[in-house]
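Please read through the structure below; I'll follow up with questions.
Reckoned from all heavy atoms, side chains included, excluding hydrogens, waters and symmetry mates. Numbered from 1 within each chain, the chains take letters A, B, ... in sequence-line order.
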Amino acid sequence: MNNNKVAVVTGASAGIGEATVKRLIEQGYTTYAAARRLDRMTNLEKLGAILLSLDLTD
Amino acid sequence: MSSLIMPATAPTELWKTSPLTKPAASSRSMFSDLPASCSWSQPLMRQQGSGKILNVSSIGGKGWEPIGAWYHATKFAVEGFSDCLGVELKPFGIDVIVIEPGAIRIEWGQIALDTLHQASGHTAYAPQAEEKRAMFLAVAGSACDPDIVAREIIKTIRSSRPKTRYAVGFFAKPSVLMSTFMPDRFNDWMIGMITKTLLKQQRGKAGVQVA
């Protein structure tokens, strides 16, 4: 089987979420960064995060 | 191995006088967003027989303070929801972990201060709101970088047998210990004393600057 380490972080556009995405990428995780504000995650995309536009409020 | 990390439950609009206000729409982040995220991550984790769900609560998920009812209600909810989920998902090999940050330097603080003033600054609860403000400002000076929480999260998801909760950041461990082990009335007294002292200190500082 594969040894892929995958992580999804919600609220990733700022604060604790953003800091966590950076550390996960550094540790070799395939990291999905989810938030409403995609435009505020371009820095994370450059680092290698896969962006998800996620607005769970219905 | 997969992990779902959810720090998206720190609604800033919730700092206001409890008896006079309704919950803000953002309280949905706890009662709808967080359960929804937990649901969609489960099928894959069940299928692979492993996974970790980390919900970021706060030291406010254990303690309490004036003006914070709506905020603390959501944080207590994160704790209760996660604990129930944890025992439900254990048989499937999925760990549910609660992270309880203390004071962390994020944009949250300033937004909370603004809404606090707007909602409560001109009500019968204004003096309490002012004490709360003094506390926010005092804590802001000692708040930790969010990277401290990020590193704790990495350690947790790499652990083969993680604990159920981790308190991390400025004042997190003593605060959680106090809320858990000290009598309720002691904690009531303590929070009152801390906020009054901080307000006095800040007034003192302001006085010095004027002089």
*Listed by residue number, which members of residues 163-173 of chain B have a heavy atom under 4.5 Å from any heavy atom of chain A?*
none
Tell me which donor-acceptor pairs under 3.5 Å the side chains of residues 89-98 of chain B have, and how far apart each pair is, sequence neighbours excluded?
unit_1 : atom_1 : unit_2 : atom_2 : d
B:K90  : NZ     : B:D95  : OD1    : 2.9

*Any pair with a residue in residues 135-145 of chain B that passes salt bridge (Lys or Arg N to Asp or Glu O under 4.0 Å), sequence neighbours left out, goes on the list, sorted by first then second residue, please.*
B:R105-B:D145
*Value rounded to 0.5 Å, distance of CD in B:E131 from OG1 in B:T197*: 9.5 Å
_Quick check for you: to the nearest 0.5 Å, what is the distance between B:K52 atom NZ and B:L54 atom CG?_
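The distance works out to 8.5 Å.
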*asked:* Whether the side chain of B:H72 engages the backbone of B:G63 through a donor-acceptor N/O pair (distance < 3.5 Å, no angle test) should be reported.
replied: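 Yes, because the side chain of B:H72 sits within donor-acceptor range (under 3.5 Å) of the backbone of B:G63.
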*Please name all residues satisfying side-chain contact (heavy atoms from CB on, under 4.5 Å) with B:L177, sequence neighbours left out, ordered by chain then number.*
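B:L177 satisfies side-chain contact (heavy atoms from CB on, under 4.5 Å) with B:F181 once adjacent residues are dropped.
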